[in-house]
J.: 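Here it is, the structure in full.
Here the structure is a predicted model, which is why all the values come from computation and not from measurement.
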Amino acid sequence: MVEETIRTIKETENEAEGIIKKADAACTEILEKAKAEAAQMVGRAEADAKAKAAADLEAAKEAGKKSEQEAMDSVEKEITALKKAALAKESEVVSAVIDELV
């Protein structure tokens with residue numbers, strides 16, 4: 001009877017050891033999958049961040065170009081207005097110079 005009890009205990013210990021090995025293997029597999037998924041998530045997050053940064057940079061470049069063009073248009077309008085004003089006063093200046101010379 002004692003031998004049978006010892007044998008039952010050993011069998012139970014062997015079964016418990018097998019369960020522990022299976023649980024350890026399952027744990028290792030779960031951890032490896034989790035690491036792989038985390039690496040993929042990090043990769044996707046990096047790619048998304050780079051894409052957003054590139055899009056933001058492109059938008060900023062476009063806004064800069066638009067502002068530059070608006071400033072150039074404004075300067076060109078001002079130059080045109082100054083030329084018109086100068087041409088309008090040209091005859092007055094010529095008359096004033098002739099009057100001074102005469």
Side-chain angles (χ1 to χ4, degrees):
M1 184 138 185
V2 172
E3 290 176 11
E4 187 175 321
T5 303
I6 293 173
R7 188 171 26 91
T8 303
I9 290 173
K10 285 188 178 186
E11 287 175 2
T12 304
E13 286 176 345
N14 288 339
E15 287 177 18
E17 191 175 313
I19 292 170
I20 290 171
K21 285 181 182 179
K22 286 180 184 177
D24 188 42
C27 179
T28 301
E29 183 180 337
I30 290 169
L31 287 174
E32 287 175 1
K33 284 182 181 179
K35 284 180 185 177
E37 287 178 17
Q40 288 178 349
M41 290 173 73
V42 167
R44 283 192 299 266
E46 286 177 352
D48 289 347
K50 286 180 182 177
K52 185 179 182 323
D56 289 349
L57 178 61
E58 189 60 33
K61 284 181 181 178
E62 289 298 320
K65 286 180 184 178
K66 183 178 178 184
S67 293
E68 181 182 6
Q69 187 60 47
E70 288 173 355
M72 290 299 293
D73 291 345
S74 176
V75 168
E76 286 179 17
K77 286 179 184 177
E78 190 173 338
I79 289 170
T80 302
L82 289 172
K83 284 181 180 179
K84 284 182 183 178
L87 287 174
K89 294 194 178 203
E90 182 181 17
S91 62
E92 289 178 34
V93 171
V94 170
S95 293
V97 169
I98 291 174
D99 287 343
E100 287 295 321
L101 291 174
V102 175

J.: Using 0.5 Å steps for rounding, measure from the CG atom of N14 to the CD1 atom of I19.
T.: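 Atom-to-atom, N14:CG and I19:CD1 are 11.0 Å apart.
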J.: Strictly below 4.0 Å, N to O, side chains only: are K21 and E17 in salt-bridge contact?
T.: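 Looking at E17 together with K21, the answer is yes, because their closest N to O distance falls below 4.0 Å.
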J.: Quick check: are there more than 12 heavy atoms from other residues, nucleotides or ligands sitting under 6.0 Å from CD of E78?
T.: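 No, the 6.0 Å shell around CD holds no more than 12 heavy atoms from other groups.
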J.: Between K77 and D73, is a salt bridge (Lys or Arg N to Asp or Glu O under 4.0 Å) present by the stated rule, with each step listed?
T.: CA-CA 6 Å; K77 286 179 184 177; D73 291 345; over 6 Å; no
J.: Testing E3, K10, E11 one by one against R7 for a side-chain contact (heavy atoms from CB on, under 4.5 Å), which residue passes?
T.: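 Checked E3, K10, E11 against R7; only one passes side-chain contact (heavy atoms from CB on, under 4.5 Å): E11.
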J.: Could you go step by step and tell me if Q40 and R44 meet the side-chain contact (heavy atoms from CB on, under 4.5 Å) rule?
T.: CA-CA 6 Å; Q40 288 178 349; R44 283 192 299 266; 3.8 Å; yes
J.: Please report the interatomic distance CD(E37) to CD1(I30), rounded to the nearest 0.5 Å.
T.: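 These two atoms lie 11.0 Å from each other.
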J.: Is S95 reaching over with its side chain to a backbone N or O of S91, donor-acceptor style, under 3.5 angstrom?
T.: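 Such a contact is found between S95 side chain and S91 backbone.
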J.: Hey, could you give me the CD/CG distance between E62 and L57, rounded to the nearest 0.5 Å?
T.: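 So the CD of E62 and the CG of L57 are separated by 10.5 Å.
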J.: For the CD atom of E15 and the OG1 atom of T8, what is their distance to the nearest 0.5 Å?
T.: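 Separation between the atoms: 10.0 Å.
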J.: Any chance you could measure M72, atom CE, to S67, atom OG, to the nearest 0.5 Å?
T.: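 Here the rounded value is 13.5 Å.
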J.: From D48 CG over to K50 NZ, what is the distance, rounded to the nearest 0.5 angstrom?
T.: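 Taking CG in D48 and NZ in K50, the distance rounds to 11.5 Å.
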